[in-house]
Amino acid sequence: MAALCPHSLPRARLACHCTLASFSLPKPLFSNRPFLSCSDAARVPFRRKHGRSFTFFCHRPFSVSAASASPGWNNHVDAVNEKYDVIVVGGGHAGCEAALASARLGAKTLLLTLNIDRIAWQPCNPAVGGPAKSQLVHEVDALGGDIGKVADRCYLQKRVLNMSRGPAVRALRAQTDKREYALEMKMIVESTQNLSIREAMVTDILLGKNDNVEGVHTFFGMNFYAPSIVLTTGTFMSGKIWVGRTSMPAGRAGESASHGLTENLQRLGFETDRLKTGTPARVDSRTVDFSGLEPQHGDKEISWFSFDPEFHIEREQMCCYLTRTTKSTHQLIKENLHETPTYGGWVEAKGPRYCPSIEDKIVRFKDKESHQIFLEPEGRTVPELYVQGFSTGLPEQLQLPLLRTLPGLENCSMLRPAYAVEYDYLPAHQCSRSLMTKNIEGLFFSGQINGTTGYEEAAAQGIISGINAARFSDGKPLVVLERESSYIGTLIDDLVTKDLKEPYRVLTSRSEHRLLLRADNADSRLTPLAREIGLIDDRRWKLYQEKQARISEEKGRLKCVRISGGDLAADVTRLSGQPVKDFSSLESLLKKPHIPYKVLDVHGFGNENLSRMEKECIEIDVKYEGFILRQKSQLQQMAHQQHRPLPDDLDYYAMTTLSLEAREKLSKVRPQTIGQASRVGGVSPADITALLIILESNRRSVQEQRRQQLLSSVMDENGQHADHVLIQACLKISLPIYFAWAQPEPSRNWGTDGGHNAFSLYILSEQRKVSQEAQDLHYLEYWEHLSLAARIQSCSVICKKESTLNDDKVPSYHSNFDNVEVSFHCRFASSESSLMNLVIFNEMTEGFP
């Protein structure tokens with residue numbers, strides 16, 4: 001479940017019952033997108049946290065006269081120092097999702113990029129999806145993002161991977177047209193209201209007096225101001241590409257690197273490091289002999305990333321091909337390892353473990369005689385083939401001979417050489433789970449700057465940082481996706497918790513709850529949250545509700561419809577190897593092994609009103625119901641402890657019962673919850689147990705201090721009883737509620753005139769009255785009330801000392817809350833009587849030991 005984390009307040013959950021504010025979004029189109037002009041742009045009010053409302057346009061044209069020595073030049077400078085609500089630095093996959101999410105939430109957003117013509121460029125493999133990555137794309141789409149929509153629009157081929165395995169690890173992968181993908185995303189960005197684009201190189205982050213973000217400074221001297229900044233720098237921050245021993249400053253081939261920002265962030269106190277990745281050569285498809293290669297065709301039934309059927313447009317698919325390395329390939333690499341940047345020793349940055357270079361494969365897997373190499377097209381109108389699995393750092397003069405050792409490429413032409421790229425990144429433990437940095441409020445990091453690799457990981461971080469940047473600018477609490485709620489939550493939790501030293505790639509094995517976090521149910525997990533935030537428009541919300549209604553109705557129908565014998569029963573028995581009893585429900589048939597929903601369709605028992613995606617979702621929910629319920633039960637049992645918050649001011653170095661490594665790692669990461677602390681590298685289960693004991697000891701110590709303050713509050717400076725005592729007890733919703741009080745010593749005489757004390761507690765709820773009267777308080781230790789006061793959240797109790805026994809002068813003090821009224825009557829025989837202090841507390845949270 002998603003949670004809201006205020007940037008300056010204790011964390012609070014985003015309640016499911018909150019009122020959903022309707023928010024109408026512009027309909028994204030993939031064709032005929034007119035550019036918005038100032039005259040027809042809609043005015044959008046955006047309320048900032050200081051309470052004022054601003055009105056602004058999507059694009060605001062302005063003119064700046066040439067520099068001169070005239071006195072009015074300063075006025076021109078002020079005119080071009082533009083102000084925004086959110087500034088996104090970088091136009092890659094993280095930057096696009098961040099900028100689109102921010103603008104759609106009503107924030108005036110500026111996207112700064114080095115090259116507008118390279119927005120959403122795919123510099124490596126032009127593909128979207130794959131194991132675990134496809135789940136991220138589905139989740140981004142469920143939140144209102146665009147990577148899935150554009151991939152559905154621009155695919156060259158689609159395949160569902162791992163179909164022979166369980167639904168938790170199945171993955172959709174799309175080979176996309178690189179140029180078409182970038183063009184489509186660029187058109188979406190350019191036509192989105194509240195979003196402006198500008199070419200610029202950011203070199204400095206501008207801070208205010210309170211070390212909060214105020215804006216950015218560019219290489220050519222421009223200042224842009226905003227209270228929220230999102231950095232999505234990719235591989236451009238001090239980037240350097242390597243081909244053998246030769247290098248040049250660049251973020252990727254043909255594009256300059258960004259300089260100055262790393263040094264600025266270091267001056268602001270951030271830790272930086274270097275990572276490395278690479279991309280293979282591109283070959284001319286017209287020079288490849290495909291006759292002896294194994295074709296890899298796309299699926300006949302097309303699957304989709306987006307839950308919006310408007311983007312489900314089928315198109316002709318292109319074929320990919322499979323080849324393999326040979327002994328000659330391995331021999332040539334082994335003989336020239338010293339010529340590569342990594343094994344030559346002049347690049348020490350770590351590369352991706354799960355997408356290694358071909359030389360890494362040869363060295364790490366010496367026992368393998370060959371490795372698979374895929375030849376994948378980069379577009380419908382270009383001859384370039386991407387040689388997947390063959391990235392290398394070898395010199396260019398060795399790359400073509402190496403390519404020609406592969407079957408089918410004996411006579412190939414190389415269009416672009418392979419290269420490695422190293423770049424600066426900032427270890428993500430410096431961010432909280434909202435992706436806002438811990439040191440500077442209003443500054444967010446997303447994408448490869450956090451140490452990830454892959455377009456999908458970048459897009460997932462981008463949409464979360466864009467949402468939170470807009471909400472921070474508007475003074476709203478930030479959104480955090482819990483680890484068990486989504487792969488996005490798992491990804492971010494891993495990044496900010498673990499001390500990563502190599503590029504991070506999401507995997508299904510990284511999620512403990514992957515059976516619950518499937519691609520088919522991403523919308524049911526995240527779309528309600530996106531609707532509540534404001535990213536899902538009325539049309540999309542209606543589609544979601546109708547889909548959920550159809551799924552619910554179909555599950556009910558499967559439970560009710562029963563069969564006895566017939567062709568369906570015989571077919572189920574043959575396919576599953578299990579007999580079918582008379583009057584078996586369709587649900588019970590679907591639970592049998594090797595029985596997909598299509599079997600019901602073949603025999604006329606299916607529902608023709610359902611889409612294939614809806615049928616697959618129903619089939620998985622029914623077939624794996626027992627496993628799903630068990631995992632949900634396990635999750636509920638651990639959630640309370642896992643989500644227990646950790647105070648921000650904990651001094652881990654002072655906790656001597658923790659191991660030294662645990663103290664160092666916890667002080668560095670500063671986890672927000674016990675669950676996050678348990679996942680920090682170097683923190684053992686014994687350390688977590690010790691931490692829990694320390695927290696409980698601290699809680700009891702604080703509680704005892706409060707108790708002593710409470711009891712002493714009835715005494716004035718001279719030791720006399722105060723005339724009025726106000727005891728405020730704040731309770732959480734839970735049972736049981738106890739009522740207790742501090743009593744005088746039993747031997748003490750309560751009344752000097754032989755009278756007696758009386759105490760009455762009245763609780764009125766729904767016209768009912770419960771009365772408990774104690775004639776002798778010496779023998780009453782506590783009064784327990786279990787049900788009527790269950791919803792008490794806070795209560796003020798006032799007791800007043802009286803020195804008379806006259807009933808007409810007995811005061812009554814009332815506190816009203818949630819339709820429950822509590823009335824306390826106190827009578828004392830004389831002024832020498834000890835004042836009874838009534839304390840209301842909750843045993844589970846604020847109770848006395």
Side-chain angles (χ1 to χ4, degrees), residues 4-7 14 21-26 28 36 38 41-60 81-91 94-113 140 143-146 188-198 202 205-206 208 212-216 224-232 434-437 440-446 459 461-480 529-537:
L4 293 180
C5 280
H7 50 270
L14 183 62
S22 60
F23 190 87
S24 182
L25 299 176
L36 293 179
C38 190
R43 292 177 177 268
V44 181
F46 190 67
R47 184 166 296 279
R48 295 280 296 280
K49 56 187 173 182
H50 45 63
R52 292 187 295 166
S53 181
F54 291 85
T55 301
F56 50 85
F57 293 98
C58 175
H59 298 282
R60 298 185 304 168
N81 289 335
E82 301 173 59
K83 295 184 179 180
Y84 297 86
D85 296 305
V86 174
I87 295 175
V88 179
V89 179
C96 287
E97 296 292 352
L100 289 170
S102 171
R104 289 167 179 168
L105 289 178
K108 184 183 179 184
T109 305
L110 173 64
L111 175 61
L112 297 175
T113 181
V140 171
L143 288 170
D146 285 82
I188 293 173
V189 170
E190 289 175 333
S191 61
T192 297
Q193 294 186 37
N194 307 325
L195 179 55
S196 301
I197 313 172
R198 185 77 163 265
V202 172
I205 304 297
L206 305 179
N212 59 297
V213 163
E214 282 196 343
V216 297
F224 297 96
Y225 296 97
S228 294
I229 307 294
V230 182
L231 295 185
T232 65
S434 65
L435 293 181
M436 185 168 73
T437 61
I440 299 178
E441 282 195 343
L443 181 61
F444 298 81
F445 295 159
S446 281
Q461 296 171 72
I463 194 168
I464 296 301
S465 61
I467 290 170
N468 284 331
R471 293 177 68 88
F472 180 85
S473 179
D474 198 22
K476 295 179 179 178
L478 307 187
V479 173
V480 168
L529 170 65
R531 170 66 174 182
E532 193 158 6
I533 291 172
L535 286 177
I536 296 296
D537 62 10

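Below, each value reflects all heavy atoms present in this structure, side chains not excepted, and no hydrogens, waters or symmetry copies.
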What closest approach, in Å, do [X] and [Y] show between heavy atoms, and which atom pair accounts for it?
| X | Y | answer |
| --- | --- | --- |
| Glu97 | Gly145 | OE1-CA, 3.4 Å |
| Leu111 | Gly90 | CD1-O, 3.2 Å |
| Cys96 | Gly91 | SG-O, 3.7 Å |
| Glu82 | Arg198 | OE2-NH1, 3.2 Å |
| Leu535 | Ala101 | CD2-O, 3.7 Å |
| Pro227 | Phe472 | O-CE2, 3.6 Å |

What's the separation between atom [atom1] in [X] and atom [atom2] in [Y], rounded to the nearest 0.5 Å?
| X | Y | atom1 | atom2 | value |
| --- | --- | --- | --- | --- |
| Ile229 | Leu206 | CD1 | CG | 8.0 Å |
| Ile464 | Met436 | CD1 | CE | 14.5 Å |
| Ile440 | Ile205 | CD1 | CD1 | 8.0 Å |
| Leu110 | Leu195 | CG | CG | 8.0 Å |
| Thr232 | Phe444 | OG1 | CZ | 13.5 Å |
| Asp146 | Arg104 | CG | CZ | 4.0 Å |

Report yes or no: does [X] contribute a side-chain atom to a donor-acceptor pair with the main-chain N or O of [Y] at less than 3.5 Å?
| X | Y | answer |
| --- | --- | --- |
| Arg471 | Lys476 | no |
| Ser473 | Ala469 | no |
| Lys108 | Ala226 | no |
| Ser102 | Ala98 | no |

Take Asp85 and Thr109 through the side chain to side chain contact (heavy atoms under 4.5 Å, CB included) test and state the conclusion after the steps.
CA-CA 6 Å; Asp85 296 305; Thr109 305; 6.0 Å; no

Run the side chain to side chain contact (heavy atoms under 4.5 Å, CB included) check on Ile533 and Val479 step by step: do they pass?
CA-CA 9 Å; Ile533 291 172; Val479 173; 3.8 Å; yes

Test item: Leu435 and Asn468 side chains (from C-beta on) under 4.5 Å apart, heavy atoms
no

Close side-chain approach of Val89 to Ile87, heavy-atom, < 4.5 Å
yes

